[in-house]
Amino acid sequence: MMNRRKVIKALATGGALIGASVLMPGLALAGWNKEAFGSENQGMAMKSLLGAEPAASADVSLKAPSIAENGAVVPVTVKTAVANVESISIFVEGNPTPLVAEFMIPAGTKAEVSTRIRMGKTSNITAVVKADGQLLSASQETKVTIGGCGG
Amino acid sequence: MAGIMKVKAKSKKEMTSVKLMAKHIMESGQRKDKKTGEAIPAMFLQGITVQHGGKTVFEANLGTAVSKNPYLAFTFAGGAKGEELTINWVESTGKTGSETAAIK
């Protein structure tokens, strides 16, 4: 079902890159932005995923604990009342790779997403909403007492 | 094949709320093997797509910082009791899967 043709096409066009991508061999998924997910800098990750850095907005609501006992599982909910939302993405500035996840919101789906993320250390969480070509964000600091990235 | 997706989808007032948990270790590539000291290679779910009646209602691109056994919750317009959702996933290794779940 996952559209074999699309996968093969992505493999063919990305063929030259496969050899270089030892760390992340997952070129098969067309929508997965390898550069953004691999970027170690939040600003760079935002630029390569969204094209620009977002502006803080009160229209975006980010719900996350202010203190997380366990950085391996930090519950996060992002929602917004803005119309025509295209995507919601979550960044954690202090993580080795700040981009956590990107969610596509097709028309008809509510602009509200909950998930659980990992945080290596105390850091800002930023949610970015892309709507009508605009980039809106909300940030919050979450203190982590036990990191979730190491072994 | 036994599925990795646990899905609770509930229809209410012409909206369907979906709670989804994937059973997956989400190996980040940051951890080290305690015995050998070598890094354990990353292996994680990269993409999850949920379709209803042929239409994509949700699509997630995940990185390594998503917790083990990824949890996602979202709501979409439409969907009725007894209808089916199709969930497709892609792992960073290229492995894919497709599963279905009924709306309650």
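Each chain gets a letter, A, B and so on, in the order its sequence line appears, and its residues count up from 1. Here the structure is a predicted model, which is why all the values come from computation and not from measurement. Side chains are part of it too, since the values below use all heavy atoms of this structure and drop only hydrogens, waters and symmetry mates.
In this structure, Y71(B) and V73(A) have side chains that are not in contact, with every pair of non-hydrogen atoms separated by 4.5 Å or more. The closest side-chain heavy-atom distance from F103(A) to L62(B) is below 4.5 Å. Under the 4.5 Å side-chain criterion, counting only non-hydrogen atoms from C-beta, N61(B) is in contact with M104(A).
Rounding to the nearest 0.5 angstrom, the gap separating the CD1 atom in I117(A) from the OG1 atom in T64(B) is 11.5 Å. Within the model, atoms OG1 of T109(A) and CE of M15(B) stand 8.0 Å from one another, a figure rounded to the nearest 0.5 Å. Atom CD of residue E102(A) and atom CD of residue E59(B) lie 8.0 Å apart, to the nearest 0.5 angstrom.
L49(A) and M44(A) sit in two unconnected hydrophobic clusters of ILVMFWY residues. Membership requires side-chain heavy atoms under 4.5 Å apart, directly or through other members. Note on V60(A) and L135(A): same hydrophobic cluster, where clusters join Ile, Leu, Val, Met, Phe, Trp and Tyr whose side-chain heavy atoms are under 4.5 Å apart, directly or indirectly. F58(B) and M21(B) fall into different hydrophobic clusters, defined by Ile, Leu, Val, Met, Phe, Trp and Tyr side-chain heavy atoms under 4.5 Å apart, directly or through other members. Side-chain heavy atoms closer than 4.5 Å link hydrophobic residues (I, L, V, M, F, W, Y) into clusters, and following such links, possibly through other members, connects V82(A) to M46(A). No continuous path of ILVMFWY side-chain contacts below 4.5 Å connects M43(B) to M5(B), so the two sit in separate hydrophobic clusters.
The local environment of CD in E35(A) is sparse, with at most 12 non-hydrogen atoms from other residues, nucleotides or ligands closer than 6.0 Å. The environment of NZ in K55(B) is crowded: more than 12 heavy-atom neighbours from other residues, nucleotides or ligands sit within 6.0 Å.
Looking at V74(A), only its backbone comes within 4.5 Å of chain B, counting heavy atoms on both sides. Contact of A107(A) with chain B is made through the backbone alone, with heavy-atom distances under 4.5 Å. If you measure heavy-atom distances from M26(B) to chain A, the contacts under 4.5 Å come from both the backbone and the side chain. Both the backbone and the side chain of V113(A) come within contact range of chain B, judged by heavy atoms closer than 4.5 Å. Contacts between K19(B) and chain A at a heavy-atom distance below 4.5 Å are absent for every atom of the residue.
Most heavy-atom pairs under 4.5 Å with chain A: of the set V66(B), I40(B), T56(B), this distinction falls to V66(B). With chain B as the partner, the residue from A111(A), P106(A), S87(A) showing the most heavy-atom pairs under 4.5 Å is P106(A).
The two residues A72(A) and S67(B) have their closest heavy-atom pair at O-OG, 2.6 Å.
The aromatic rings of F44(B) and W32(A) sit tilted relative to each other, their planes meeting at an angle between 30° and 60°.
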